[in-house]
Number of protein chains: 2
Amino acid sequence: MESQDLRKAGLKVTLPRLKVLEILETSDLRHMSAEDVYKALLEMGEEIGLATVYRVLTQFEGAGLVSRLSIDGGHAVFELEDGSHHDHLLCVRCNRIEEFIDDVIEQRQRAIAAEKGFEMTDHSLYIYGICRHCQKTK
Amino acid sequence: MESQDLRKAGLKVTLPRLKVLEILETSDLRHMSAEDVYKALLEMGEEIGLATVYRVLTQFEGAGLVSRLSIDGGHAVFELEDGSHHDHLLCVRCNRIEEFIDDVIEQRQRAIAAEKGFEMTDHSLYIYGICRHCQKTK
DNA sequence: ATATAAATGAAAAAGCTTCTCATTTACACC
DNA sequence: GGTGTAAATGAGAAGCTTTTTCATTTATAT
Ligand SMILES: [Mn+2]
Ligand SMILES: [Mn+2]
Ligand SMILES: [Zn+2]
Ligand SMILES: [Zn+2]
């Protein structure tokens, strides 16, 4: 019954929106590209256009329902917003994504912005590396 | 006489390479997109193709002569490499870029990678905000 | 000077994302 | 339950940055 979430966000309750939300909620993947969502919809038998998936994800972002990560090298991935900020570790071999929060870093960032006279609006932090799993694989 | 830098990097000494290097060294802008470099070359009277600018910048990156920042939202900017790692603050209004280093953050990043079993290869940190100048402008 | 591997320019292609516009749909109101 | 209207959708075109292709030019070793 997430129609309420959509109404609250000022969005009409439509099938594409409900289905995209459903995919995000039920997929094993916590971080999905628009293409991932699109393919999941097809597998589910829903013929929703890729342009609509992009539109809906962007609207969800605007409504605070999802957040967008802009990964190095072009494409974006989306994840359901749960209110808690966190940053990401990315495996350069297998693209695995792990999450972390570090209060020390968060605090230092605020201090740096203040030092430089910036009114901080956002930040993005990615740690790239080779994950445990891929280190074994050679 | 930076022909030596090119030879050392295993690159032939060509006019496009010398001129791109010259632009990077003499421009007021410390951070330049490929397009910025391309336009600066045109203003200088050098008709060097944009594809060549991209190629040369990418080779310079490989050779460690420049580093590439992948700014949120697509396009990259390049800066001459001076051996010292630093991160960036970006003004969302005027695109001004400021630099900083924070040893506490650097150290926390290494600790987080270790905790998660990642062999860290790189990281990218951008603080977005409104710079001092733009805060006045409203 | 000559040969050859590398570099260049111009245009096409790639890859992701947004836009256009004709058609369909949600929902407020009678 | 119908109706009207603004909003949403689908399909394809277009946009943007960056890379690739390939014919031609150039740097450098001999
Ligand atoms: Mn996440
Ligand atoms: Mn810099
Ligand atoms: Zn991995
Ligand atoms: Zn500014």
Side-chain angles (χ1 to χ4, degrees), chain A residues 1-23 31-42 44-63 65-78 95, chain B residues 1-23 31-42 44-63 65-78 95:
Chain A
M1 194 91 330
E2 54 273 294
S3 304
Q4 297 316 316
D5 297 323
L6 294 176
R7 290 214 176 77
K8 239 181 285 179
L11 300 170
K12 284 189 184 177
V13 178
T14 64
L15 192 132
R17 287 173 181 160
L18 287 170
K19 291 300 177 186
V20 169
L21 214 42
E22 185 180 336
I23 292 292
H31 302 91
M32 303 184 81
S33 68
E35 192 77 33
D36 288 338
V37 172
Y38 175 67
K39 284 179 184 153
L41 288 166
L42 287 184
M44 190 186 233
E46 300 292 343
E47 305 220 335
I48 293 171
L50 180 57
T52 298
V53 172
Y54 273 105
R55 262 188 303 239
V56 167
L57 287 170
T58 301
Q59 291 156 348
F60 284 4
E61 185 190 15
L65 295 173
V66 308
S67 52
R68 178 196 304 252
L69 314 195
S70 297
I71 306 286
D72 215 14
H75 73 121
V77 302
F78 300 82
N95 298 315
Chain B
M1 196 93 325
E2 54 273 294
S3 303
Q4 296 316 315
D5 297 325
L6 294 176
R7 290 215 176 77
K8 242 181 285 182
L11 299 170
K12 283 189 183 173
V13 178
T14 65
L15 191 133
R17 287 173 180 158
L18 287 171
K19 290 300 177 185
V20 169
L21 214 41
E22 184 180 337
I23 292 292
H31 302 91
M32 302 184 82
S33 67
E35 191 77 32
D36 288 337
V37 172
Y38 175 67
K39 283 179 185 155
L41 288 167
L42 287 185
M44 190 186 236
E46 300 293 341
E47 305 221 333
I48 293 171
L50 181 56
T52 298
V53 173
Y54 273 105
R55 265 187 302 239
V56 167
L57 288 170
T58 301
Q59 291 157 348
F60 284 3
E61 184 190 16
L65 296 174
V66 308
S67 53
R68 178 196 302 252
L69 315 195
S70 295
I71 305 287
D72 215 14
H75 73 122
V77 302
F78 299 83
N95 298 314

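Per chain, numbering begins at 1; letters A, B, ... match sequence-line order.
Within the nucleic acid shown, B:Ala34 has no heavy atom closer than 4.0 Å to any nucleic acid atom. Within 4.0 Å (heavy atoms only), B:Leu15 reaches no atom of the nucleic acid at all.
Summarising the geometry, the separation between CD on A:Glu47 and P on D:dG10 is reported as 10 Å, rounded to the nearest angstrom. Here the P atom of nucleotide D:dT9 and the NZ atom of A:Lys19 are 14 Å apart, to the nearest Å. In this structure, B:Glu46 atom CD and C:dT8 atom P are separated by 13 Å, rounded to whole Å. Atom pair B:Phe78:CZ and D:dT17:C1' shows a separation of 11 Å (rounding to whole Å applied). Nucleotide D:dT17 holds its C1' atom 13 Å from the CG atom of B:Asp36, rounded to whole Å. Distance, A:Gln59 CD to C:dC19 C1': 14 Å, rounded to whole Å. What separates CG of A:Leu6 from P of D:dT9 is a distance of 10 Å, to the nearest Å. Distance, B:Glu35 CD to D:dT18 P: 9 Å, rounded to whole Å.
Atom CZ of residue B:Phe60 and atom CG of residue B:Leu11 lie 6.5 Å apart, to the nearest 0.5 angstrom. To the nearest 0.5 angstrom, B:Leu6 atom CG is 7.0 Å from B:Leu65 atom CG. A distance of 11.5 Å separates NZ of B:Lys12 from CZ of B:Arg7, quoted to the nearest 0.5 Å. The distance from the OG1 atom of A:Thr52 to the CG atom of A:Leu41 is 10.0 Å, given to the nearest 0.5 Å.
Contact annotation: A:Arg17 side-chain N/O to D:dA8 OP1/OP2 distance is under 4.0 Å. Put simply, A:Tyr54 has no side-chain N or O that comes within less than 4.0 Å of OP1 or OP2 on C:dT18. Listed pair A:Thr58 / C:dT17 fails the phosphate criterion, with no side-chain N or O lying under 4.0 Å from OP1 or OP2. Proximity of A:Thr14 to the phosphate of D:dT9: a side-chain N or O atom is located under 4.0 Å from OP1 or OP2.
When each of C:dT17, D:dT18, D:dT9 is scored by its nearest atom to the side-chain atoms of A:Thr52, the top-ranked nucleotide is D:dT9. Here the nucleotide nearest the side chain of A:Ala51, chosen from D:dG12, D:dT18, C:dG9, is D:dG12. Of the candidate nucleotides D:dT9, D:dA27, D:dG12, D:dA27 has the atom lying nearest to any side-chain atom of B:Lys12. In the set C:dA7, C:dT17, D:dT21, D:dT21 carries the atom at the smallest distance from any side-chain atom of B:Arg55.
When only modelled atom types and interatomic distance are considered, B:Arg55 and B:Thr58 share no side-chain donor-acceptor pair under 3.5 Å.
Projected onto DNA chain D by closest heavy-atom contact, A:Val56 and B:Arg7 fall at different nucleotides, the more 5' of which corresponds to A:Val56.
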